[in-house]
Amino acid sequence: MKLTRDFYERPNVVEIAKDVLGKTLHTKINGVYTAAIVTEVEAYAGRNDKACHANNGLRSKRTEVMYGQGGFSYVYLCYGIHHLFNIVTNKKDFADAILIRGVEPLIGLEAMQLRRNMTKANPRLSSGPGILSQALGIRTKDHYGLDLLGDTIWLSDGREITNHEIGTSPRIGVDYAGEDALKPWRFYIKDNRWLSKR
DNA sequence: GGCTTGATCCAG
DNA sequence: TGGATCAAGCCG
């Protein structure tokens with residue numbers, strides 16, 4: 001069943017991030033349907049989180065969607081090459097988001113391999129925030145600010161993940177964020193092959 | 001380990 | 001207006 005607005009609009013982004021583990025991420029892009037299980041995420045807590053693009057209340061064309069309702073997509077270009085897919089959470093004016101860092105392919109493996117220019121389905125297909133967007137066909141220009149209750153990118157129930165199956169670590173690549181870089185807000189499914197850190 | 005790559009941000 | 005910076009991936 002498709003996740004509802006209520007799921008995304010809860011106030012605690014860390015709690016939602018853990019809940020997203022095991023959920024199914026679907027895309028239907030240019031008529032091609034793909035689906036994958038979310039294996040790895042990071043939480044970004046709006047204006048009070050130095051690692052978040054909306055820290056200190058920064059508003060710009062890029063961050064604007066984070067200030068809207070929960071359950072929308074925030075996709076942006078990183079290092080000039082990679083499209084990183086985030087889920088906006090919390091209610092209007094609260095700029096929280098969750099970065100998806102790894103997925104386990106379920107449906108549409110051939111389409112994903114074609115997009116990634118690969119001949120096999122190994123973790124290099126979709127274990128990393130940039131390459132999973134590539135595998136699923138998500139691009140900044142086309143998929144910024146989409147409603148995740150729509151029919152282009154959406155999430156649904158998936159695999160049940162219990163608390164003791166969830167691993168925790170600091171977030172990746174946010175050393176610039178001072179003390180906030182230490183927050184243990186990266187979550188992943190333990191013993192899963194489809195993680196960005198091997 | 002070193003290179004790629006370009007939007008974004010802020011200093012001036 | 002320009003240059004430093006960056007939620008990464010690829011090749012070796």
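Predicted, not measured: the structure shown is a model, and the values here were computed from it. Scope of the values below: all heavy atoms of this structure, side chains included, with no hydrogens, waters or symmetry mates. Chain identifiers are assigned alphabetically (A, B, ...) following the order of the sequence lines, protein sequences preceding nucleic acid strands; residue numbering begins at 1 within each chain.
Residue A:S60 is classed as a sugar-phosphate contact, given heavy-atom separations below 4.0 Å to backbone atoms only. Counting non-hydrogen atoms under 4.0 angstrom, A:I131 reaches the backbone sugars and phosphates but no base. Residue contacts for A:R171: at a heavy-atom cut-off of 4.0 Å it reaches no nucleic acid atom on any strand shown.
When both distances must be under 3.5 Å, the Watson-Crick or G-U wobble mate of C:dA7 does not exist.
Ring planes of A:W154 and A:Y33: parallel class, angle under 30° (limits at 30 and 60°). Below 30°, between 30° and 60°, or above 60°: for A:H82 and A:Y79 the angle between ring planes is above 60°, a perpendicular geometry.
Judged by distance alone with a 3.5 Å cut-off, a donor-acceptor contact links the side chain of A:H53 to the base of C:dA7.
Side-chain proximity of A:R62 to the nucleotides B:dT8, C:dG9, B:dT5 is greatest for B:dT8. Listed nucleotides C:dA8, C:dA7, B:dC9 differ in distance to A:H82; the shortest reach to its side chain belongs to C:dA8. With B:dC10, C:dC6, C:dC10 as the choices, the nucleotide that has an atom nearest any side-chain atom of A:Y79 turns out to be C:dC6. Of the candidate nucleotides C:dA7, C:dC11, B:dT5, C:dC11 has the atom nearest to the side chain of A:R124. With distances taken from any side-chain atom of A:T63 to the nucleotides C:dA8, B:dC9, C:dA7, the minimum falls on B:dC9.
The NZ-P distance, from A:K50 to C:dC6, rounds to 15 Å in whole Å. Following rounding to the nearest Å, A:F187 (CZ) and C:dA7 (P) show an atom-to-atom distance of 19 Å. A:K183 has its NZ atom 16 Å from the P atom of C:dA7, to the nearest Å. If you measure from atom CG of A:N117 to atom P of C:dG9, you get 16 Å, rounded to the nearest angstrom. Counting to the nearest Å, the C1' atom of B:dC9 and the CZ atom of A:R59 are 17 Å from each other. Residue A:N86 contributes atom CG, which lies 11 Å from atom P of C:dA8 at whole-angstrom precision. Between A:H83 atom NE2 and B:dA7 atom C1' there is a gap of 11 Å when expressed in whole angstrom units. Between the P atom of C:dT5 and the CG atom of A:L58 lies a distance of 18 Å, rounded to the nearest Å.
Here A:R116 reaches the OP1 or OP2 of C:dC10: one of its side-chain N or O atoms lies under 4.0 Å away. When the side-chain nitrogen and oxygen atoms of A:Y176 are compared with OP1 and OP2 of C:dA7, one or more of them lie within a distance under 4.0 Å. For the OP1/OP2 pair of C:dA8 and a distance below 4.0 Å, the side-chain nitrogens and oxygens of A:R101 include at least one atom meeting the criterion. The shortest distance between the side-chain N/O atoms of A:R186 and the OP1/OP2 oxygens of C:dA7 is not below 4.0 Å. Contact annotation: A:S196 does not reach the phosphate of C:dA8 (side-chain N/O to OP1 or OP2, under 4.0 Å).
The existence of a salt bridge linking A:R186 and A:E40 is confirmed by a sub-4.0 Å separation between a basic side-chain nitrogen and an acidic carboxylate oxygen. Between A:R47 and A:D93, no side-chain nitrogen of the basic residue sits less than 4.0 Å from a carboxylate oxygen of the acidic one, so the salt-bridge criterion is not met.
Stacking between A:Y76 and the base of B:dA7 is absent under the criterion of ring centres within 5.5 Å and planes under 30 degrees.
Classification of C:dA7 as syn follows from a glycosidic angle within 90° of 0.
A donor-acceptor contact closer than 3.5 angstrom is absent between the side chains of A:R115 and A:Q134.
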Trace of the salt bridge (charged side-chain N to carboxylate O under 4.0 Å, His left out) decision for A:D19 with A:R10: CA-CA 11 Å; A:D19 287 348; A:R10 288 175 291 160; 2.8 Å; yes
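Nearer to the 5' terminus of DNA chain C, by closest-nucleotide assignment, is the contact made by A:L84 (compared with the other of A:Q134 and A:L84).
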